[in-house]
> 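I'd like to ask some things about the structure below.
Numbering starts at 1 and runs along the sequence shown. Everything numeric here is computed off the predicted structure, so don't read it as measured data.
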Amino acid sequence: MALSPARMIRYGAVALDIAFAPVGGAIVGHLLDLYFHTDPYLTLVMFLLGVGGGFYRLIRMLSQDRNEI
């Protein structure tokens, strides 16, 4: 089964979401920790929210692909 270029681009976008969402969450959490002096709690919370958001996007995209078949 060959992948179409559009599907490969969608998979690449999801891979970037999985990679960058936790990093972005950790950066935002760290900045919030510096502002509120709550080191390291907000960093951890925002990182975990980023991980959850990345996997949510992956599951949503896979379910859409499954419905297209």
Side-chain angles (χ1 to χ4, degrees):
M1 177 172 112
L3 292 176
S4 68
R7 188 172 283 182
M8 288 193 307
I9 290 171
R10 282 180 34 200
Y11 288 153
V14 170
L16 290 175
D17 284 345
I18 289 174
F20 289 128
V23 172
I27 290 170
V28 170
H30 179 70
L31 294 174
L32 289 172
D33 275 335
L34 291 176
Y35 184 76
F36 291 116
H37 305 289
T38 57
D39 204 34
Y41 300 112
L42 291 176
T43 301
L44 292 173
V45 168
M46 296 300 284
F47 174 78
L48 292 175
L49 285 173
V51 169
F55 278 108
Y56 172 76
R57 174 113 163 90
L58 173 68
I59 291 168
R60 198 176 83 191
M61 192 265 314
L62 289 175
S63 69
Q64 287 175 351
D65 279 354
R66 186 175 191 169
N67 290 337
E68 289 177 2
I69 295 176

> Please tell me whether Met61 and Leu3 are part of a single hydrophobic cluster in this structure, the criterion being side-chain heavy atoms less than 4.5 Å apart.
yes
> Please name the pair of heavy atoms, one in Met46 and one in Gly25, separated by the smallest distance, quoted to 0.1 Å.
CB-O, 2.9 Å
> Do Arg10 and Asp65 have side chains that get closer than 4.5 Å, going by heavy atoms?
yes
> Test of understanding: clusters of I, L, V, M, F, W, Y form through side-chain heavy atoms closer than 4.5 Å, transitively. Do Val51 and Ile18 belong to the same one?
yes
> Any chain of hydrophobic side-chain contacts (each under 4.5 Å) joining Leu31 to Val23?
yes
> To the nearest 0.5 Å, tell me how far Leu44 CG sits from Thr38 OG1.
10.0 Å
> For Leu42, is there any backbone N or O sitting under 3.5 Å from a side-chain donor or acceptor partner on Asp33?
yes
> Starting from Tyr11, can I reach Leu58 by hopping between I/L/V/M/F/W/Y residues whose side chains sit under 4.5 Å apart?
yes
> How many angstroms lie between OG1 in Thr43 and CG in Leu32, if you round to the nearest 0.5 Å?
8.0 Å
> For atom CZ of Phe55, decide whether the heavy atoms of other residues, nucleotides or ligands shown that lie under 6.0 angstrom number more than 12.
no
> Can you hop from Phe36 to Leu49 via hydrophobic side chains spaced under 4.5 Å?
yes
> Mind listing the closest non-hydrogen atom pair of Ala21 and Gly54 along with its distance?
CB-N, 4.4 Å
